[in-house]
Amino acid sequence: MPANLTPQYLEAELKFKQATTTPEKIKALELMMAVIPKHKGTEKIRGQLKSRMAKLKEELQKRPAVGKAEQAYNIKREGAAQVVLMGLPNSGKSSLLSHITNASSEIADYPFTTQKPIPGMMKFENLQIQLVDTPPIQLDHTEPGFPNLIRNSDALLLVLDLTDDPDFQMEVLLQQLSDMRIRGVGKGMIPPLETGWIGVRTLVLGNKCDGKNSMAAYQTVAKRFQNTFPILPISAREGMNFDELKKEVYQLLDIVRVYTKIPGKEPDLSEPVILKKGSTIDDVALSVHKDFAAQLRYAKVWGSGKFEGQMVKRDYPISEGDVIELHI
Ligand SMILES: Nc1nc2c(ncn2[C@@H]2O[C@H](COP(=O)(O)OP(=O)(O)OP(=O)(O)O)[C@@H](O)[C@H]2O)c(=O)[nH]1
Ligand SMILES: [Mg+2]
């Protein structure tokens with residue numbers, strides 16, 4: 001039976017063909033469904049329109065799911081710094097998170113155990129540093145939220161499995177970083193980079209150093225990369241070299257801890273003010289309050305001064321462990 005479609009319907013169909021977004025397509029399709037003559041001859045077409053509509057609605061439903069996956073990579077920063085773990089499947093990232101922080105992440109001897117980033121807090125002296133476990137790197141796919149997680153972090157730990165060709169793993173990780181326009185920077189200043197690129201402080205961990213031939217593998221990979229990155233053998237499972245690891249992470253962060261005190265009182269050494277290396281008294285005052293910084297007249301410094309309690313100006317560069325009395 002002929003369909004005998006009306007000009008009204010054909011116009012709606014044209015609108016549908018011209019629509020570029022899913023909501024636009026749905027709107028046009030709704031119109032087509034409303035104006036199509038309802039008789040035996042259009043039965044088949046009406047069926048097709050219905051299933052097209054179902055598909056479009058499904059597409060619309062899927063979108064927030066993509067957003068959700070990215071959302072999972074939005075890890076709220078806590079503590080003095082955020083440090084991301086990155087490695088191939090089974091390298092031991094979740095073991096490290098579970099054994100060095102207060103959090104736990106599923107550990108298994110099969111690959112792709114971890115499905116989304118999981119944060120945990122690692123205590124180092126009087127600081128808490130956030131570590132973020134991540135799903136493993138895959139050769140042909142990068143999760144959409146992953147580059148931003150690394151870009152927004154303060155440092156990166158590359159976790160290598162010493163029992164499984166760590167040189168190859170290192171090459172893969174560096175390639176992946178480069179695809180994300182991220183340059184791992186181990187030592188020295190972060191160099192000026194091309195537009196769109198970002199440098200992230202990077203430490204390499206040779207994990208599973210408890211394995212039989214692990215230390216030989218470590219020597220080989222260390223020899224190749226130690227001029228570029230700090231590198232350390234660890235055992236996430238046995239907790240080997242964790243003290244060293246924490247120290248290295250702290251050094252990587254390029255931060256200093258100072259303590260403020262009120263005149264006539266002792267400083268609270270459990271509450272450091274954390275600032276970037278190279279900060280001044282001005283930055284310390286700013287960390288208290290911006291009005292405080294504006295009114296600052298001078299400060300007294302215990303620690304790095306020529307003598308204890310030396311009077312200094314606002315541009316005085318602070319050093320690790322300084323105790324500072326701000327005067328307004
Ligand atoms: N011998 C040894 N085995 C380890 C060590 N760390 C982890 N493993 C083992 O390696 C396997 C993988 O550990 P996971 O911590 O799940 O590795 P992962 O990198 O999180 O793995 P994915 O989530 O799949 O990326 C498990 O069987 C762990 O017990 C280690 O230091 N020494
Ligand atoms: Mg894991």
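Because the structure is predicted, anything quoted here is derived from the model rather than measured. Counting convention: from 1, in listed order, for ligands and their atoms alike.
Nearest protein heavy-atom neighbour of atom 28 (C) of ligand 1: I107 CG2, 3.8 Å. The protein heavy atom nearest to atom 19 (O) of ligand 1 is K93 NZ, 2.7 Å. What sits closest to atom 6 (N) of ligand 1 on the protein, heavy atoms only, is N207 ND2, 3.2 Å. Of the protein's heavy atoms, K208 CE, 3.6 Å lies nearest to atom 8 (N) of ligand 1. In terms of protein heavy atoms, atom 21 (O) of ligand 1 is closest to N90 N, 3.1 Å. Looking from atom 29 (O) of ligand 1 to the surrounding protein, the closest heavy atom is R237 CD, 3.8 Å. At the shortest separation from atom 32 (N) of ligand 1 among protein heavy atoms lies D210 OD1, 2.7 Å.
At a 3.5 angstrom cut-off on N or O pairs, E238 does not count as close to ligand 1. At least one N or O atom of S95, backbone or side chain, sits closer than 3.5 Å to an N or O atom of ligand 1. Below 3.5 Å of separation, one finds no N or O of D133 facing any N or O of ligand 1. When only interatomic distances are considered, the shortest N/O to N/O separation between C209 and ligand 1 does not fall below 3.5 Å. At least one N or O atom of F112 sits closer than 3.5 Å to an N or O atom of ligand 1. At least one N or O atom of A236 sits closer than 3.5 Å to an N or O atom of ligand 1. The shortest N or O to N or O distance between A108 and ligand 1 is under 3.5 Å.
The parts of D109 lying near ligand 1 are both backbone and side chain, judged by heavy-atom distances below 4.0 Å. Here I234 has no heavy atoms under 4.0 Å from ligand 1, in either its backbone or its side chain.
For N126 (side chain) and L269 (main-chain N/O), a donor-acceptor pair under 3.5 Å exists by modelled atom type. Between the side chain of R297 and the backbone N or O of L326 there is no donor-acceptor pair closer than 3.5 Å. Judged purely by atom type and a 3.5 angstrom limit, Q82 has no side-chain atom pairing as donor or acceptor with the backbone of P119. Listed for the R77 side chain is a donor-acceptor partner under 3.5 Å among the backbone atoms of N152. Checked by atom type and distance alone, the side chain of S235 never pairs as donor or acceptor with a backbone atom of D210 at under 3.5 Å.
Close approach of ligand 1 to P111 (heavy-atom distance below 4.0 Å) involves ligand atoms 24 (O). Interface atoms of ligand 1 facing T114, defined by a heavy-atom separation under 4.0 Å, are 20 (O), 23 (O). Those atoms of ligand 1 that come under 4.0 Å of a heavy atom in P136, given as number and element, are 25 (O). Residue contact check: G92 has heavy atoms under 4.0 Å from atoms 7 (C), 13 (O), 14 (P), 15 (O), 17 (O), 18 (P), 19 (O) of ligand 1.
Scanning all heavy atoms of the two residues, the minimum distance from S104 to I118 falls at O-CG2, 4.1 Å.
The count of protein N, O or S atoms under 2.8 Å from the Mg ion (ligand 2) stands at 2, with waters excluded from the count.
Cation-pi geometry between R151 and F146 is not met at under 6.0 angstrom from the ring centre and within 45 degrees of the axis.
The shortest heavy-atom distance from P89 to ligand 1 is under 4.0 Å.
Taken to the nearest 0.5 Å, the CG atom of L203 stands 6.5 Å off from the CG atom of L245. Here the straight-line distance linking atom CG of L10 with atom CZ of F16 works out to 14.5 Å at 0.5 Å rounding. Interatomic distance, NZ of K93 versus CG of L96, reported as 10.5 Å (0.5 Å rounding).
When only modelled atom types and interatomic distance are considered, D282 and T280 share no side-chain donor-acceptor pair under 3.5 Å. With hydrogens and angles left out, the side-chain atoms of E78 and Q130 include no donor and acceptor closer than 3.5 Å.
Take N90 and apply the side-chain hydrogen bond (donor to acceptor under 3.5 Å, both in side chains) test, not counting sequence neighbours, and it matches no residue.
With respect to the salt-bridge test (charged N to carboxylate O, under 4.0 angstrom), the residues K38 and E43 do not qualify.
The side-chain heavy atoms of Q176 and M86, taken from C-beta on, include a pair separated by under 4.5 Å.
Counting heavy atoms of neighbouring residues, nucleotides and ligands inside a 6.0 Å radius, atom CD of Q219 exceeds 12 of them.
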